[in-house]
A.B. asks: 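The structure that follows is given in the form of structure tokens.
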Protein chains: 2
Amino acid sequence: MKKSKVTIHDISKALGINSSTVSRALNDSSSISTKTKQRILEKATELGYQRNSLASNLRTNKTNTIGVIVPRLSRNFFSSVISGIEETAYEAGYNVVICQSLESLQREKKIINSLLSNRVDGVLISISMETTSCEHLMAYKNHGGPIVFYDRPCDFEDCSSVSINDYEASFEATEYLILNGCKNIVHFSGPQVLALYRNRKKGYMDALKKHGLIFNEANCFESMLLKKDGIEHAKQVLKLKGVDGIYSANDTAAISAIQYLKNQGVNIPEDIAVIGFNDDPISTVIEPALTTINQPDFKMGKIASSLLIDQIKDHKTERDSVVLSSELVVRDSTKKATR
Amino acid sequence: MKKSKVTIHDISKALGINSSTVSRALNDSSSISTKTKQRILEKATELGYQRNSLASNLRTNKTNTIGVIVPRLSRNFFSSVISGIEETAYEAGYNVVICQSLESLQREKKIINSLLSNRVDGVLISISMETTSCEHLMAYKNHGGPIVFYDRPCDFEDCSSVSINDYEASFEATEYLILNGCKNIVHFSGPQVLALYRNRKKGYMDALKKHGLIFNEANCFESMLLKKDGIEHAKQVLKLKGVDGIYSANDTAAISAIQYLKNQGVNIPEDIAVIGFNDDPISTVIEPALTTINQPDFKMGKIASSLLIDQIKDHKTERDSVVLSSELVVRDSTKKATR
DNA sequence: CACATTAACGCAATCGATTGCACAACATGA
DNA sequence: TCATGTTGTGCAATCGATTGCGTTAATGTG
């Protein structure tokens with residue numbers, strides 16, 4: 001239990017040098033002679049000195065840390081975004097603290113509070129599925145740090161955001177199904193409180209319209225798009241009769257639906273073609289391999305991170321809304337036999 | 001850019017009450033009258049006060065935060081462990097900061113340093129595949145906080161750890177293959193610097209021995225067990241001829257191997273039976289569904305977390321090595337037609 | 001050689017919250 | 001009435017690092 005708390009004052013005493021000089025030396029200040037710097041550095045390692053960031057951050061009023069709030073770590077998409085965020089952040093000398101909201105507004109609030117009281121320099125957030133209002137975020141912004149939204153933006157004035165072209169991607173996916181002969185396409189959609197899922201639904205609807213197909217609210221199943229939801233939706237699909245296409249707003253639900261349907265003797269894609277969203281690694285494992293939409297997750301993380309850091313460093317006031325483009329990845333779950 | 005920095009002194013002035021009283025009131029100290037507490041609380045919310053944890057932590061010399069180092073967030077196993085850790089930690093009033101080493105020793109060292117200088121109260125770590133020595137961890141321990149290992153323990157005196165019965169699980173898996181008629185079983189093994197993978201290999205070897213099969217070093221392929229490694233190993237397997245069973249030390253490699261082998265016209269499990277390790281969700285999606293070993297990931301996180309917190313709180317000195325038991329989950333990748 | 005610069009370092013206040021100790025006001029018991 | 005408690009607050013030091021400003025000593029300039 002050696003509670004060895006070596007401070008700059010210990011070094012200071014050991015060397016008979018004022019602690020302010022020690023501090024400057026450790027920060028490689030140019031106003032300290034090379035010789036003294038070396039003596040100090042040596043003594044520091046000798047004593048096993050470890051800077052106390054708490055004290056430093058308190059004094060300077062900055063932590064060089066950005067907070068990242070993510071709905072779920074277990075989603076491949078988010079862990080990739082995080083990797084992107086970390087890469088950019090580390091290069092710029094920032095630390096990253098990761099928190100998961102588990103799609104709960106209450107937890108999101110607690111996390112924001114904790115980040116605030118720990119004085120992170122900025123926050124990257126993908127809001128939870130329960131988050132309808134952004135008051136708690138307002139509170140954060142008013143108290144200081146900048147916020148950048150990624151993936152799931154918030155209808156929020158005066159904040160940068162990075163997202164993908166959900167509407168267009170969705171439109172393209174639905175159209176692709178139609179061009180492959182589907183006439184009765186069902187949509188698995190996420191919570192409509194999120195703009196993200198509203199846009200995806202809109203894209204689906206407009207593609208139908210463009211091709212003269214009738215939109216029917218009964219063909220839309222809304223859920224959190226978990227594994228169990230996909231199964232549930234698949235059951236509904238079978239009851240509907242005549243469905244020949246499914247466009248799911250994520251891969252998880254698409255895949256569990258495929259599994260269920262296959263068990264029920266449905267042929268994919270002959271009877272029902274399926275498209276997912278995200279391009280999770282798992283989508284190449286399912287049989288038939290899932291046609292889906294690939295998002296530039298890593299890149300999204302990098303961009304979000306650099307937008308935030310720019311704001312922190314330069315106190316920039318202009319806000320950007322970056323929209324990245326995704327890509328339809330065609331696999332076997334939509335390949336109709338050519339007639 | 002309202003840099004509203006409301007401190008206890010602002011409240012103190014606004015109310016004509018000493019800041020020490022304010023501090024005590026905000027901490028709900030019993031030595032402050034209910035009336036004053038209320039006045040202070042009201043004023044605090046009115047001014048939008050947000051405690052500065054940096055100052056508080058500096059003074060009290062504790063952060064109520066535990067650091068978690070994880071090799072990769074993208075592995076389902078680890079994100080589940082994290083959820084377990086968080087649950088227990090939050091209940092006990094601790095914050096959690098998550099860092100990923102990406103299997104790099106260098107990053108691991110940097111992370112340790114950062115956690116140290118941020119004065120986390122304790123660390124939970126699953127060491128990287130490159131970590132052969134634990135000197136950097138020693139440094140941490142000497143400077144204060146307790147460490148608990150999870151999943152991948154380190155040959156390290158005086159630290160608690162939580163892991164699973166790798167040897168037994170491995171033995172059972174291999175034996176299961178043998179009992180299903182396999183006579184020429186290959187092992188995909190992880191970096192032997194990790195005790196974890198050494199144990200899994202040992203279990204494999206001993207099961208062979210028990211059943212009179214000859215162990216052959218050429219039947220062991222060592223790698224990081226990534227997707228590409230699985231494919232590479234599968235190619236080797238085909239060159240070997242006569243292989244009728246694969247026991248992979250993780251699911252990722254097992255699954256990519258299965259995909260490759262199927263493409264090459266190999267029948268699973270008729271020609272080659274396969275067992276993985278981890279029970280990733282993906283193992284129910286691959287066809288045939290993968291027989292694998294399920295680990296109590298969430299539970300592991302909870303236990304690791306509570307072991308650490310006990311050490312932090314009670315300054316316990318005894319160290320525990322908890323070994324959780326895993327379970328063989330039989331699916332289709334090993335079901336031989338009954339003769 | 002006198003004076004102006006510059007380089008190198010020390011002094012002391014500061015960041016915001018916590019806490020041991022002192023102290024005042026009031027109540028209680030003998 | 002006086003000694004002794006009890007409650008509720010205030011005072012001031014403290015955690016460890018940073019930094020504006022002042023002070024030397026060394027160096028340069030004319």
Side-chain angles (χ1 to χ4, degrees), chain A residues 3-41 43-44 47-65 113-114 116-121 143-144, chain B residues 3-41 43-44 47-65 113-114 116-121 143-144:
Chain A
K3 285 282 167 189
S4 59
K5 294 281 158 197
V6 184
T7 75
I8 54 171
H9 301 102
D10 297 324
I11 302 178
S12 152
K13 272 176 217 156
L15 253 39
I17 294 179
N18 189 279
S19 59
S20 63
T21 303
V22 176
S23 171
R24 279 187 265 255
L26 293 174
N27 287 314
D28 203 27
S29 157
S30 63
S31 67
I32 304 294
S33 73
T34 324
K35 218 188 305 176
T36 15
K37 266 187 202 170
Q38 222 160 28
R39 286 179 58 207
I40 291 174
L41 262 316
K43 196 47 121 183
L47 298 179
Y49 170 78
Q50 277 288 149
R51 123 194 297 238
N52 185 329
S53 296
L54 296 176
S56 170
N57 295 340
L58 171 62
R59 181 60 227 262
T60 59
N61 201 29
K62 54 199 302 304
T63 54
N64 292 309
T65 299
N113 259 314
S114 161
L116 235 180
S117 85
N118 280 293
R119 299 292 190 268
V120 295
D121 294 338
H143 281 290
Chain B
K3 285 283 168 191
S4 60
K5 295 282 159 198
V6 183
T7 74
I8 54 171
H9 301 104
D10 297 324
I11 301 178
S12 150
K13 272 176 219 157
L15 252 38
I17 294 180
N18 190 277
S19 58
S20 64
T21 304
V22 176
S23 171
R24 280 186 266 253
L26 293 173
N27 286 312
D28 203 27
S29 157
S30 63
S31 67
I32 305 292
S33 72
T34 325
K35 221 189 302 177
T36 0
K37 267 187 201 170
Q38 224 160 25
R39 287 179 57 206
I40 292 174
L41 263 315
K43 196 49 121 184
L47 298 180
Y49 170 79
Q50 276 289 146
R51 121 194 300 237
N52 185 328
S53 295
L54 297 175
S56 169
N57 293 340
L58 171 62
R59 182 60 227 262
T60 58
N61 200 29
K62 54 200 300 303
T63 53
N64 292 309
T65 298
N113 260 311
S114 161
L116 235 180
S117 85
N118 280 294
R119 300 292 191 267
V120 295
D121 293 338
H143 281 290

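The shown structure was predicted, so the numbers you read here are calculated from the model rather than taken from an experiment.
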A.B. asks: Using whole Å, what does the distance between atom C1' of nucleotide D/dA12 and atom CG of B/Asn18 come to?
C.D. replies: 9 Å
A.B. asks: To the nearest Å, how far apart are A/Ile40 CD1 and C/dA8 P?
C.D. replies: 13 Å
A.B. asks: Report for the helix from C/dC1-D/dG30 to C/dA30-D/dT1: angle between first-end and last-end helix axes, five pairs each, rounded to 10 degrees.
C.D. replies: 40°
A.B. asks: Tell me: CZ of A/Arg39 to C1' of C/dA8, nearest whole Å?
C.D. replies: 13 Å
A.B. asks: Please enumerate all protein N or O atoms sitting under 3.5 Å from an N or O of nucleotides 15-17 of chain C, with distances to 0.1 Å.
C.D. replies:
| unit_1 | atom_1 | unit_2 | atom_2 | d |
| --- | --- | --- | --- | --- |
| C/dG16 | N2 | B/Ala55 | O | 3.2 |
| C/dA17 | OP1 | B/Tyr49 | OH | 2.4 |
| C/dA17 | OP1 | B/Asn52 | N | 3.4 |
| C/dA17 | OP2 | B/Ile8 | N | 2.6 |

A.B. asks: Is there a donor-acceptor pair closer than 3.5 Å between any side-chain N or O of B/Lys43 and the backbone N or O of B/Asp10?
C.D. replies: no
A.B. asks: Indicate the atoms forming the closest heavy-atom contact of B/Val6 with B/Tyr49, along with that distance.
C.D. replies: O-CD1, 3.3 Å
A.B. asks: Please tell me whether B/Ser20 and B/Asn18 have a donor and an acceptor in their side chains that are separated by less than 3.5 angstrom.
C.D. replies: yes
A.B. asks: Check A/Thr65, A/Thr60, A/Asn64 against A/Lys62 for a side-chain hydrogen bond (donor to acceptor under 3.5 Å, both in side chains) and give me the one that passes.
C.D. replies: A/Asn64
A.B. asks: Whole angstrom is fine here: how far is it from CD1 in B/Ile17 over to P in C/dA24?
C.D. replies: 19 Å
A.B. asks: Calculate, to the nearest 0.5 Å, the distance between atoms NZ and OG belonging to B/Lys37 and B/Ser31 respectively.
C.D. replies: 8.0 Å
A.B. asks: Please test B/Asn118 against B/Thr63 for side chain to side chain contact (heavy atoms under 4.5 Å, CB included), starting from the C-alpha separation and ending with a verdict.
C.D. replies: CA-CA 8 Å; B/Asn118 280 294; B/Thr63 53; over 6 Å; no
A.B. asks: CD1/B/Ile40 to CD/B/Gln38 distance, rounded to the nearest 0.5 angstrom?
C.D. replies: 11.0 Å
A.B. asks: Which residues in residues 28-35 of chain A have a heavy atom closer than 4.0 Å to any atom of DNA chain D?
C.D. replies: none
A.B. asks: To the nearest 0.5 angstrom, please state how far the CG atom of A/Leu26 sits from the CD1 atom of A/Ile32.
C.D. replies: 10.0 Å
A.B. asks: Measure from the side-chain N and O atoms of B/Ser19 to the backbone N and O of B/Ile8, and report whether any donor-acceptor pair falls under 3.5 Å.
C.D. replies: no
A.B. asks: Rounded to the nearest 0.5 Å, what separates atom OG1 in A/Thr21 from atom CZ in A/Arg39?
C.D. replies: 10.5 Å
A.B. asks: With distance as the sole test, does B/Ser12 use its side chain to make a donor-acceptor pair with the main-chain N or O of B/Ile17 at under 3.5 Å?
C.D. replies: yes
A.B. asks: Which part of the nucleic acid does A/Leu26 contact within heavy-atom distance under 4.0 Å: base, sugar-phosphate only, or nothing?
C.D. replies: nothing
